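Below you'll find the structure, written out as structure tokens, and then a few comments.
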Amino acid sequence: MTAVSRITWPRASFVGFDRIWNELDTAFTNSVDNTNVFPRHNIIKVDEEVYHIELALAGYSRGDLNVELEDGVLVITGEKEDESVEYLHKGISTKKFRRTFRLAEHVVVSGAKFVNGLLAISLVQEVPEEKKPQTIDIK
């Protein structure tokens, strides 16, 4: 695999956006070199304000998982306790993982559920009234 060079963004036109550029560089690099592929996941846009993230976690139980929101970053971790099982073949991975998702401003976690090996996290974009477009009355 070839090394990924930094993306050349039109940075000269933007001031104070260094953190955003760094996040885009990191996200692009990770998506190209496939270092962050476990667990497999879906991101679903239900409508303009509702999203779902689904993670395929066969072999894990609810107690093996942790979901936290840290300063706009959704952090999902999992660690399966070793049950001292002697596997002749282990094709279902239950390795320790940490998966992160950067949430946009005003996106909040509205719930999470774990059913049949699928962790589903619901997200809602709640824009405050003062941030929504307003019509100004002309007098």
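This is a predicted model, so every value here is computed, not measured. When reading the values below, keep in mind they use all heavy atoms of this one structure, side chains included, and skip hydrogens, waters and symmetry mates.
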Exercise for review: To the nearest 0.5 angstrom, please state how far the CG atom of L55 sits from the CZ atom of F101.
Suggested key: 5.0 Å

Practice item. Please confirm whether the backbone N or O of G59 pairs with a side-chain atom of K80, one donor and one acceptor, at under 3.5 Å? Key: yes

Study note, to complete from the structure: On a heavy-atom basis, the closest approach of R102 and D71 is NH1-O, 3.3 Å

Review point. Considering residues at least two apart in sequence or located in another chain, which fulfil the side chain to side chain donor-acceptor pair (under 3.5 Å) criterion with E79?
Key: none

Review point. Out of V73, L69, V108, which one pairs with L103 under the side chain to side chain contact (heavy atoms under 4.5 Å, CB included) rule?
Key: L69

Exercise for review: For E48, look at atom CD and say whether over 12 heavy atoms of other residues, nucleotides or ligands are found less than 6.0 Å away.
Suggested key: no

Study note, to complete from the structure: Rounding to 0.5 Å, atoms OG (S93) and OH (Y60) come to a distance of 5.5 Å

Review point. Hey, what do you get for CG (L57) to OG1 (T94), rounding to the nearest 0.5 Å?
Key: 10.5 Å

Practice item. Might you point out which heavy atoms bring A56 and P39 nearest each other, and give the distance in Å? Key: O-CB, 3.6 Å

Point to revise | Atom pair CG (L74) and CD1 (I53), whose distance is rounded to the nearest 0.5 Å | key: 5.5 Å

**Study point:** Plane angle bin for F38 and F97 - parallel if under 30°, tilted between 30 and 60°, otherwise perpendicular
**Key:** perpendicular

Under 3.5 Å, side-chain donor or acceptor atoms of residues 117-130 against the rest of the protein: list the pairs with distances, not counting sequence neighbours.
residue : atom : partner : partner atom : Å
S122    : OG   : H52     : ND1          : 3.1
E129    : OE2  : K132    : NZ           : 3.1

Review point. Just wondering, do H41 and E54 contact through their side chains at under 4.5 Å, heavy atoms?
Key: no

Exercise for review: List the steps and the verdict of side chain to side chain contact (heavy atoms under 4.5 Å, CB included) for Y51 and V46.
Suggested key: CA-CA 5 Å; Y51 302 87; V46 177; over 6 Å; no

Point to revise | Check: N42 side chain, I44 main-chain N or O, donor-acceptor pair, under 3.5 Å | key: no

Revision key, fill the gap. Output for pair (R62 CZ, K113 NZ), nearest 0.5 Å, gives 11.0 Å

Practice item. May I ask whether V50 and V109 are part of the same hydrophobic cluster, defined by side-chain heavy atoms of I, L, V, M, F, W, Y residues being less than 4.5 angstrom apart, directly or through others? Key: no

Practice item. Nearest 0.5 Å please: distance from the CZ atom of R98 over to the CD atom of E68. Key: 8.0 Å

